[in-house]
Amino acid sequence: LSALTVDDITINGSTISDAGDLTLDAEGDIILDANGTQIILKDNGTEFAQFLTSSTPDHLYIRSMIQDKDIILSGNDNGSFISALTLDMSAAGAATFNAGATFGAGIDVTGTATMDGLLVEGETAGQGASIEVHATASEFGDALLIAKSDNANTFIHAGVKIHGSS
């Protein structure tokens, strides 16, 4: 027997095919167990994504296989599908969050951070908050920290402590 066909489902060697949609429905779990470390997703024979791990599973990798195409995490927000997070693969994985992000720990920035606004709050009333800038004067000319306001009614009050070796 080279192939088995039931209704329009064909089993041929290690391939199961169907002319239309194919539904796997189980009362229990559906388990995909690939000893080759990869679960490969294809569309009409073209590979577009992988779920993979190493030979001794330690991390889960989700990999887009199409060059420079984004990975988008989307969901249903009150009846409309939204893109919650976009990882831009043409920009080394730069992350764009649709409606902000919350971080439970510090944020480290390597390079230049450009933003429309920055609010820093202390954790305890009266304790204040701090921003540390580690740089050499040659990186920014003579100014290491600049505070500006475009609103004439806004007052900037800052305590600045500068540590230097020269």
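These figures come from a predicted structure and were not determined experimentally.
One hydrophobic cluster, built from ILVMFWY side chains closer than 4.5 Å, holds both Phe97 and Met89. Leu60 and Leu52 fall into different hydrophobic clusters, where Ile, Leu, Val, Met, Phe, Trp and Tyr side chains are chained together by heavy-atom contacts under 4.5 Å.
Interatomic distance, Leu22 CG to Ile9 CD1, rounded to the nearest 0.5 Å: 5.5 Å. If you take CG on Asp88 and OG1 on Thr96, they are separated by 6.5 Å, rounding to the nearest 0.5 Å.
Residue pairs satisfying the side-chain hydrogen bond (donor to acceptor under 3.5 Å, both in side chains) criterion with at least one member in residues 11-40, sequence neighbours excluded, are absent. For residues 55-78, the pairs satisfying side-chain hydrogen bond (donor to acceptor under 3.5 Å, both in side chains) are Ser54-Asp58, with sequence neighbours left out.
The number of heavy atoms from other shown groups lying within 6.0 Å of CG (Asp8) is above 12. Around atom CG of Leu73, more than 12 heavy atoms belonging to other residues, nucleotides or ligands sit under 6.0 Å away.
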Extract all donor-acceptor atom pairs below 3.5 Å that involve side chains of residues 39-49 and protein atoms in other chains or at least two apart in sequence.
residue : atom : partner : partner atom : Å
Glu47   : OE2  : Gln50   : NE2          : 2.5

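Among all heavy-atom pairs drawn from Leu87 and Ala95, the shortest one is CD2-CB, 3.8 Å.
At a threshold of 4.5 Å between non-hydrogen side-chain atoms, the residues Asn98 and Ser83 do not count as touching.
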